[in-house]
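Working notes for the structure below.
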Amino acid sequence: MHIYNSLSRTKEELRPIEPGHVKFYTCGPTVYNFAHIGNFRAYTFEDILRRVILYNGLRVTQVMNLTDIDDKTICGAQEKGVPLKSFTKPYIDAFFDDLKALNIQPAEHYPAATDHIPEMIALIAKLFERGLAYTSEDGSVYFSVDKLPGYGKLARLDRQNLRAGARVAQDEYEKESYGDFALWKAWDEGDGEVAWDSPWGRGRPGWHLECSAMSMHYLGETFDLHTGGIDNLFPHHENEIAQSEGATGKPFVTYWMHCAHLRVNGEKMSKSLGNFFTLRDLIEKGWSGREIRMVLINGHYRQPLNFTFDALEAARTALARIDECVDALEEYADGAAPADSVPVWASEARDAFTAAVNDDLNIPEAFAALFALVRGSNSALRDGKLSATDAAALLTLFDRMDSVLGVIRFGRAARTDAVPAEITALVEARAAARAAKEWAESDRLRDELAAKGWEVRDSKEGQKLKKL
């Protein structure tokens, strides 16, 4: 398995520190609002990464943080006049609901910043011991970037242009705002009740510090892989490296992976342009999590992704093709045990799929291999070239591919759930007509069901119903 390492700017073979076990950290949501589809572009990329690692037979320990202390969450809590935890909880709950709606596998740990203040204070203490931290006039603590020789290696910064002694107090800032960054922010009135005691006075941690402390707490001082959106590369990830390596004297992370931005209809997502969507906005418009997931993953993660409603329509059509093929294979297999091998054309599709996902998560090529399998299966079914055991083996291969893609089985059961009473009555009436050999009435009822959006098929087990 080869991945593109943002640190070296090259593709490298993934070689975990502990053989057979990949430990990786993902920058999770800042829980001041509902996550939008741009956020989920990153989270679905990280889900694919996790699934490909598992596909290769490796074990995974994944940590995704919940940023519940930062300028935005504190401001939101102050505006609503509620405690910080009360403000962030609805957005945390919604985030986990959204992960399920997109079939994103759960990480092993979801640490919240508010639950790890002691680890953050201990990390700052180490930076003081190493001469990399200092206290400002207002009681805040800053990291001295000028005292760490390797600062800027991830973002490839020109250190000669760093403004020595300049300070950046806010959590997020532009690349041009080079300077010392806040490790601990002294309390002020704008923070309200959001403050903790520390050796440097009452205050709260800086955003960058939170991820360093939590990732090392769960994964160790050096671990395999760190991921996030390309906008996190600087300053956030650069500052994580500085704090962590400055405190431990050890390499922080071996591989860094970053996904590109998502655009909507070719433009940057913006509420003023009317193209800003949360996941629940799209679901309210009638799109399923399955369809949205397919659009979000069907592009190379290092290339910008253009999200459009035409792409959602195409995903709906493509998923219907997959469903029709899998349904036909299931009916043909009829519960048979899978054969020991698959036809040559299917093994070629399998090999192409594996090569694609192991080449820096090339999911467009992986989908091409999947649809080669669909075409080959449909052709073999049409020509009568499959046995029941062959069909069962092909279904096993579809499931193997789906262990990475997460769109084939996901959501299929829901298509036949909650059949309206009116439709059930028509199906029962048709069964009675067929039993009485009233074929014209049976056909009329089939057409009526189709007009109402339901397909009925006859099989050895009786009528099978599917929502169109």
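FYI, side chains are in, hydrogens and waters are out, and symmetry mates aren't considered; it's all heavy atoms of this structure. Residues take their numbers from the sequence shown, with the count starting at 1. For clarity, every value in this text was computed on a predicted model and none was experimentally measured.
At least one test fails for Arg156 against the ring of Phe234: distance under 6.0 Å to the centre or angle within 45° of the axis. A cation-pi contact links Arg280 to Phe34, judged by a cut-off of 6.0 Å to the six-membered ring centre and 45° from its axis.
A donor-acceptor pair under 3.5 Å is absent between the side-chain atoms of Glu210 and the main chain of Thr67, judged by distance alone. A donor-acceptor pair under 3.5 Å is absent between the side-chain atoms of Asp224 and the main chain of Phe24, judged by distance alone. Looking only at distances, a side-chain donor or acceptor of Asn39 sits under 3.5 Å from a matching main-chain atom of His36. In this structure, Trp187 contributes its side chain and Gly192 its backbone to a donor-acceptor pair below 3.5 Å. For Arg290 (side chain) and Val407 (main-chain N/O), a donor-acceptor pair under 3.5 Å exists by modelled atom type. A donor-acceptor pair is defined here as one N or O able to donate and one able to accept, closer than 3.5 Å; such a pair exists between the side chain of Thr222 and the backbone of Pro251. The closest donor-acceptor contact from the side chain of Tyr301 to the backbone of Ala42 lies at 3.5 Å or more, if one exists at all. When atom types are taken as modelled, the side chain of His236 and the backbone of Gly228 share no donor-acceptor pair closer than 3.5 angstrom. Put simply, the side chain of Asp68 never gets that close to the backbone of Ala112: no donor and acceptor are under 3.5 Å apart. A donor-acceptor contact shorter than 3.5 Å links the side chain of Thr73 to the backbone of Asp70.
Two rings, from Tyr218 and Tyr25, have their centers 6.0 Å or more apart. Two rings, from Phe128 and Trp200, have their centers less than 6.0 Å apart. Taking the six-membered ring for Trp, His237 and His208 have ring centres at least 6.0 Å apart. Checked against a 6.0 Å centroid threshold, the rings of Phe45 and Phe40 do not count as neighbours.
Listed by first and then second residue, the side-chain hydrogen bond (donor to acceptor under 3.5 Å, both in side chains) pairs that reach into residues 100-111 are Arg50-Gln105, Arg50-Glu108, sequence neighbours excluded.
Taking the six-membered ring where the residue is Trp, Phe309 and Phe277 present perpendicular rings, their angle passing 60° and hence far from 30°.
In this model, no donor atom of one side chain and acceptor atom of the other lie less than 3.5 Å apart for Thr135 and Tyr142. With hydrogens and angles left out, the side-chain atoms of Asp351 and Thr354 include no donor and acceptor closer than 3.5 Å. Thr308 and Asp310 share no side-chain donor-acceptor pair at under 3.5 Å. Between the side chains of Asn56 and Asn358, a donor-acceptor pair is found at a separation under 3.5 Å. No side-chain N or O of Tyr151 forms a donor-acceptor pair with one of Asp146 less than 3.5 Å apart. In summary, the side chains of His21 and Thr61 do present a donor paired with an acceptor at a separation below 3.5 Å, with no hydrogens or angles considered. Between the side chains of Glu12 and Ser8, a donor-acceptor pair is found at a separation under 3.5 Å.
Of the listed residues (Asp47, Asp402, Asp98), just one forms a salt bridge (Lys or Arg N to Asp or Glu O under 4.0 Å) with Arg293, and that residue is Asp47.
How far CG of Asp399 is from CZ of Arg409: 4.5 Å, rounded to the nearest 0.5 Å. The distance from the OG atom of Ser215 to the CZ atom of Phe223 is 4.0 Å, given to the nearest 0.5 Å. With rounding to the nearest 0.5 Å, the separation of NE2 in His261 from CG in Leu305 is 12.5 Å. Arg321 CZ to Leu319 CG: the interatomic distance, rounded to the nearest 0.5 Å, is 10.5 Å. Between atom NE2 of residue His226 and atom OG of residue Ser212 there is a gap of 7.5 Å, rounded to the nearest 0.5 Å. Atom CG of residue Asp281 and atom CD1 of residue Ile37 lie 9.0 Å apart, to the nearest 0.5 angstrom.
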* Just do the side chain to side chain contact (heavy atoms under 4.5 Å, CB included) check on Ile363 and Leu405 with the steps written out, would you? => CA-CA 8 Å; Ile363 298 304; Leu405 301 175; 4.1 Å; yes

* To do: Output, in order, the C-alpha distance, side-chain angles, deciding distance and verdict of side chain to side chain donor-acceptor pair (under 3.5 Å) for Glu46 and Thr26.
  => CA-CA 7 Å; Glu46 290 152 347; Thr26 354; 4.9 Å; no

* Decide salt bridge (Lys or Arg N to Asp or Glu O under 4.0 Å) for Arg202 and Asp191; before the verdict, give the C-alpha distance in whole Å, the side-chain angles of both, and the deciding distance to 0.1 Å. => CA-CA 11 Å; Arg202 195 156 175 77; Asp191 291 337; over 6 Å; no

* What do the steps show when you test Tyr43 against Phe95 for ring pair (Phe, Tyr, Trp, His ring centres under 6.0 Å), and what is the final call? -> CA-CA 11 Å; Tyr43 304 143; Phe95 175 69; 5.4 Å; yes

* Could you walk me through whether Tyr134 and Asp180 pass the side chain to side chain contact (heavy atoms under 4.5 Å, CB included) check? -> CA-CA 10 Å; Tyr134 64 91; Asp180 298 349; 2.7 Å; yes

* **Evaluation steps, side chain to side chain contact (heavy atoms under 4.5 Å, CB included), between Thr227 and Cys27** => CA-CA 7 Å; Thr227 63; Cys27 280; over 6 Å; no

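By the neighbour-count criterion of 12 heavy atoms within 6.0 Å, atom NZ of Lys268 is sparsely surrounded, having that number or fewer from other residues, nucleotides or ligands. Residue Glu193 places its CD atom among 12 or fewer non-hydrogen atoms of other residues, nucleotides or ligands, all under 6.0 Å distant. No more than 12 heavy-atom neighbours from other residues, nucleotides or ligands sit within 6.0 angstrom of CZ on Arg15.
Ionic pairing of Lys185 and Asp138 is not present here: no N-O contact between side-chain nitrogen and carboxylate oxygen is shorter than 4.0 angstrom. Ionic pairing of Lys85 and Asp115 is present here: one or more N-O contacts between side-chain nitrogen and carboxylate oxygen are shorter than 4.0 angstrom.
Annotation for Met269 and Val264: closest pair SD-CG2, 4.0 Å, computed over non-hydrogen atoms. Across all non-hydrogen atoms, the minimal contact from Ile17 to Pro19 is O-CD, 3.5 Å. Between Ala213 and Leu123, the closest heavy-atom pair is N-CD2, 3.9 Å. Summarising the geometry of Pro199 relative to Ile121, their closest heavy-atom pair is CD-CG2, 3.8 Å, with the distance given to 0.1 Å. For the residue pair Thr254 and Asn5, the shortest heavy atom distance occurs at O-ND2, 3.1 Å. Between Cys325 and Ser377, the shortest heavy-atom contact is SG-CB, 3.6 Å.
Two residues are said to be in side-chain contact when any heavy atoms from C-beta on lie closer than 4.5 Å; Glu18 and Lys23 meet this criterion. Taking the side chain as every heavy atom from C-beta outward, Phe371 and Phe367 approach each other to under 4.5 Å. Looking at Tyr32 and Thr88, their side chains never come closer than 4.5 Å, going by heavy atoms from C-beta outward. With contacts defined as side-chain heavy-atom distances shorter than 4.5 Å, the pair Pro364/Asn298 qualifies. In this structure the side chain of Lys72 never reaches within 4.5 angstrom of the side chain of Asn33, judged on heavy atoms. Side-chain contact between Arg204 and Leu209: absent, with no pair of heavy atoms (C-beta onward) separated by less than 4.5 Å. In this structure, the side chains of Ile322 and Leu370 come closer than 4.5 Å at one or more pairs of heavy atoms. At least one side-chain heavy atom of Met216 sits less than 4.5 Å from a side-chain heavy atom of Phe252.
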